[in-house]
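Nothing fancy with the numbering, it's 1 onward along the sequence.
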Amino acid sequence: MSTIEDESASLDGYFSDAPLDPKPSYPPLLSTFERCIILTNLPKVPSSKHEKLSKVVLKIVTRIGNLASYEEDEGAESSTGFCMPLNEEKDSTVGCAFVEYESAADAKKALEVLQDYRFDKNHLLKVTLYQRALDLASVAEDEFTMPEPEPYKERPNTMAWLEDSCQRDQFAVRHGNETGVYWCDGKGDAVVDYDGEREKKAGINWCDYYIQWSPKGSYFATLVPSKGVILWGGKNFEKLARFPAPGVDFVVFSPQENYIMTNNNNRNDPNAIKVFSIQSGKLLRAFPLYPKDFFDDSVSEQDRANIPPPPFQWSHDDKYLARMGKDLISIFETPTMKLLDKRSLACDGIHEFQFSPKANIIAYWAPEHKNQPAHVDLIELPSRKSLRQKNLFNVTKCSMVWQEDGEYLGVKVTRHTKSKKTLYNNLELFRVNEPGIPVEMLDIKDAVMAFAWEPTGSRFAIIHAENPTSTKVNVSFYDMFRVSSEAEKKKIKKSSDKQIIAEVNKVETLEGKQCNCIFWSPAGRTIILASLGDSASGTLEFYDVENKTLTVKEHYRANQVLWDPSGRTVATTVSQPIGGGHFKFAMDNGYILWTFQGKQLSQASFETFYQFQWRPREKLFSKEEVAEVAKNIKKYEKQFNAFDEAKKRRLRLEETKEKRKSRATFRATLARLKEWRARQKQERMALLGGYDSEDEDNFVIKEVVMETVLSSKEELITGA
């Protein structure tokens, strides 16, 4: 006892007089599991491979965000928010894992990104929020009731416009606060189909910004920056879907109309670009405006602002969506929007790429890079097999142009001399469908300002001049095939007897033209040589390549030439961007419709005119079927003429409808008055003492002949 007292006395003065009331600081207690997810459908492996599988799964889940971590007691290792349980009886994993992130946002992102993620060829991951799993576990089996299916609602027929009995095309225009869709038969004035009347009655604008047709004409998209994109379709342009995309600046449809991509052009928005499924309306993935590490550290902020973002491009069958990055192309598979084979396509120094319009082939070019010459490559997907590579030297710039059917690829190469003071051009022409993809080089001494393929054939046209700033230029036409010289000498007319050789052949050159753009008709054969722009003359030359006929017209200050899908009608427009510009040319704003032969059909002028777009439609006939129709055109000519006559008769009857109605009313009134007078005949005779004023026997008829000299002339005739 004394020992305790002595010890207490020795410690006197070291204790505080304050009462002992400890208040430890604990971390906030989480009352929910919103940061947790459950991964299922993982491979079941023996315990010996548990650590290896854990590392692979951890590598995947940590790409989404940081996992939660907890400090243990001193001397023990800290634990992370990852657990993959083992089945001790079977000595293997159970095929699932529990993951806890630092934030609930990362958990939700993991649900979107990792859902249906292909872990390997036999396993697709399934993701469930932990809280959702708890809710499902608390539901007893006897409580489940089959939900009532929603009543079937038939969707509008988005192809109804193709059933038009007159085979007319449609176009849409944006001017002022108005948006309208019009019918065009290629013979007269356009007729309104729908101009937003339903929305006007509701007091809202049908469209606040730009418009966009889908590639096959099934959908009509109107952009409302405050809300997003609205899709319309069907005979009465009913609302089909809405995609939330605040600040949307433009949209791009996939070629098969399965997906739609929106872009708000906001450099600071990590979700500037969004990809939606049209059928489900689901957001599949969002991207920033620029890919990661796109800029070098040496590029200043001012220079970055002048570099446009690399655009996304769709493959022809909607299977792939690709975008160029730094020395690579990122190719995403649909509908998962995951990288193809989990890696990008390496392309050192890439400057531009394009998908083939008819095959899963990517064409890209890269300048001289790391002691390698400039080159153009054709890559097949999904195998990534290199189909063809063409090395180029002393290259300043390249421009690639695919033919519409994907049969040819033209590359306009701008080269320089060793001193880099002189530039010159040549064309590299790829025959994509031939074995080995042969390439022909066409030297052009002049500067080439424009290059365009005939959509349905093997011909192409170029604008060239000795000086790029020349006002007078030449337009040359080439063909990828030529007729053998023997056939030309014998003047063989039957195509079956001609020998066709795969060799670039110059067809002709038109000299001294005033044009800066060329536009082939979708039907081929006809081409428009146009002089477009504010400072240009607005000259339009309609040239028939086969008949060698030329028609010259003019649309002052025109800045666009737009062919309809059939090639029957072409529109030239003077438009201005929404939000400003071209106000000093307000008197010229509008459009003119022409036939493919250069005859003006109609003209419309607007104070503010923003946009003109033809409604696209899919080509249903193959080349062989089109050739068969052209061969038997006389057979169908009578049908078309009879249809045109019947149409003219209907129009004539419609125009004279009111006149014929008035004439019928007059005749009915006259007949009624005659009948009424006939009923009063007896009364009239009684009043006149039996005299019938309508009886001809009561009249005496006298015939009197009177001759009147109108003029006379006297002429003296003398004998010879």
Side-chain angles (χ1 to χ4, degrees), residues 212-216 219 221 229 245 248-265 271-278 284-292 294 307-341 343-366 376-388 397-412 430 432 451-453 455 616:
Q212 183 65 50
W213 291 106
S214 61
K216 296 182 180 180
Y219 305 107
V229 181
V248 60
D249 191 57
F250 68 91
V251 298
V252 178
F253 285 91
S254 63
Q256 302 302 319
E257 301 182 339
N258 294 313
Y259 309 100
I260 185 173
M261 181 170 61
T262 67
N263 190 333
N264 62 17
N265 273 327
N271 299 320
I273 300 172
K274 297 179 179 180
V275 182
F276 297 88
S277 167
I278 291 179
L284 301 180
R285 186 162 179 177
F287 302 89
L289 199 60
Y290 291 88
K292 186 179 179 181
F294 182 72
I307 299 176
F312 276 97
Q313 294 190 34
W314 291 98
S315 64
H316 77 288
D317 56 2
D318 286 8
K319 283 187 177 180
Y320 307 108
L321 176 65
R323 177 166 71 167
M324 181 182 72
K326 183 181 178 182
D327 296 333
L328 55 83
I329 301 176
S330 298
I331 306 168
F332 303 91
E333 288 185 283
T334 58
T336 60
M337 288 299 161
K338 303 295 190 302
L339 271 177
L340 177 64
D341 298 334
R343 59 191 175 93
S344 296
L345 178 65
C347 308
D348 287 346
I350 180 174
H351 261 47
E352 179 192 2
F353 83 96
Q354 289 184 16
F355 267 110
S356 165
K358 293 295 181 181
N360 286 327
I361 297 175
I362 281 182
Y364 78 89
W365 82 274
V376 177
D377 291 65
L378 298 183
I379 308 295
E380 183 186 53
L381 296 179
S383 65
R384 301 173 186 251
K385 177 183 176 182
S386 178
L387 301 177
R388 189 71 163 88
K397 184 181 178 182
C398 287
S399 299
M400 299 186 296
V401 182
W402 279 97
Q403 190 240 17
E404 188 176 285
D405 291 332
E407 296 179 357
Y408 311 105
L409 171 66
V411 181
K412 188 189 82 170
F430 293 72
V432 180
F451 176 98
W453 290 99

query: Between the side chain of T334 and the main-chain N/O of D318, is any donor-acceptor distance below 3.5 Å?
result: yes
- request: Output all residues satisfying ring pair (Phe, Tyr, Trp, His ring centres under 6.0 Å) with W453, sequence neighbours left out; order by chain, then residue number.
  value: Y408, F451, F460
- prompt: Got a second to check how far L345's CG is from R384's CZ, nearest 0.5 Å?
  reply: 5.5 Å
- prompt: Mind checking whether Y320 and I362 have side chains closer than 4.5 Å, heavy atoms only?
  reply: no
Pairwise side-chain contact, N360 with D317, heavy-atom cut-off 4.5 Å (strictly under): yes
message: Any non-hydrogen side-chain atom of L409 less than 4.5 Å from a side-chain atom of M400?
response: yes
- request: Kindly say whether M337 contributes a backbone atom to a donor-acceptor pair with the side chain of R285 at under 3.5 angstrom?
  value: yes
statement: When rounded to the nearest 0.5 Å, the distance separating OG of S344 from CE of M324 is 13.0 Å
- prompt: Are I350 and L328 side-chain neighbours, meaning at least one heavy-atom pair lies under 4.5 Å?
  reply: no
Over all atoms of both residues, closest heavy-atom pair of G325 and P291: CA-CG, 4.0 Å
field: Side chain to side chain, K412 and V401, heavy atoms closer than 4.5 Å
entry: no
message: If I take atom CD1 from residue I307 and atom OH from residue Y290, how far apart are they, to the nearest 0.5 angstrom?
response: 7.0 Å
task: Could you walk me through whether V376 and F430 pass side-chain contact (heavy atoms from CB on, under 4.5 Å), step by step?
output: CA-CA 10 Å; V376 177; F430 293 72; 3.9 Å; yes
query: Should we say atom NZ of K216 is surrounded by more than 12 heavy atoms from elsewhere, each under 6.0 Å from it?
result: yes
field: 4.5 Å side-chain heavy-atom contact, I260 and V252
entry: no
task: Compute the ring centroids of F312 and F287, then answer whether they are less than 6.0 Å apart.
output: yes
Atom pair OG (S356) and CD (Q403), whose distance is rounded to the nearest 0.5 Å: 9.5 Å
- request: Test side-chain contact (heavy atoms from CB on, under 4.5 Å) on N258 and I278 and set out the steps.
  value: CA-CA 6 Å; N258 294 313; I278 291 179; over 6 Å; no
message: Tell me the closest heavy-atom pair linking S315 and P255, and the distance in Å.
response: O-CG, 3.3 Å
- prompt: Can you tell if the side chain of K319 reaches within under 4.5 Å of the side chain of E333, non-hydrogen atoms only?
  reply: no
message: Treating D327 as the side-chain partner and G349 as the backbone partner, does any N or O pair qualify as donor plus acceptor under 3.5 Å?
response: yes
query: Would you say I331 and L381 make side-chain contact, with heavy atoms under 4.5 Å?
result: yes
- prompt: Between Q354 and Q313, does a side-chain contact (heavy atoms from CB on, under 4.5 Å) hold up when you go through it step by step?
  reply: CA-CA 7 Å; Q354 289 184 16; Q313 294 190 34; 4.1 Å; yes
message: Strictly distance-based, threshold 3.5 Å: is any side-chain N or O of D341 a donor or acceptor partner for the main-chain N or O of R343?
response: no
- prompt: Excluding sequence neighbours, so at least two apart, what forms ring pair (Phe, Tyr, Trp, His ring centres under 6.0 Å) with F253?
  reply: none
Heavy-atom closest contact (Y364 atom, F353 atom, distance): CB-CB, 3.6 Å
query: Among all residues two or more places apart in sequence or in another chain, which pass the side-chain contact (heavy atoms from CB on, under 4.5 Å) test with N263?
result: F250, N265, I273, L289
- line: Applied to residues 346-363, the salt bridge (Lys or Arg N to Asp or Glu O under 4.0 Å) test, sequence neighbours excluded, yields none
- prompt: Donor-acceptor pair, Q256 side chain versus H316 backbone, under 3.5 Å?
  reply: yes
task: Please identify each residue that fulfils salt bridge (Lys or Arg N to Asp or Glu O under 4.0 Å) with D249, with sequence neighbours left out.
output: none
statement: Interatomic distance, CG@L284 vs NZ@K338, rounded to 0.5 Å, equals 9.5 Å
message: If I take atom CZ from residue F332 and atom CG from residue L340, how far apart are they, to the nearest 0.5 angstrom?
response: 10.5 Å
- prompt: Sequence neighbours excluded, which residues qualify as ring pair (Phe, Tyr, Trp, His ring centres under 6.0 Å) partners of Y259?
  reply: W314
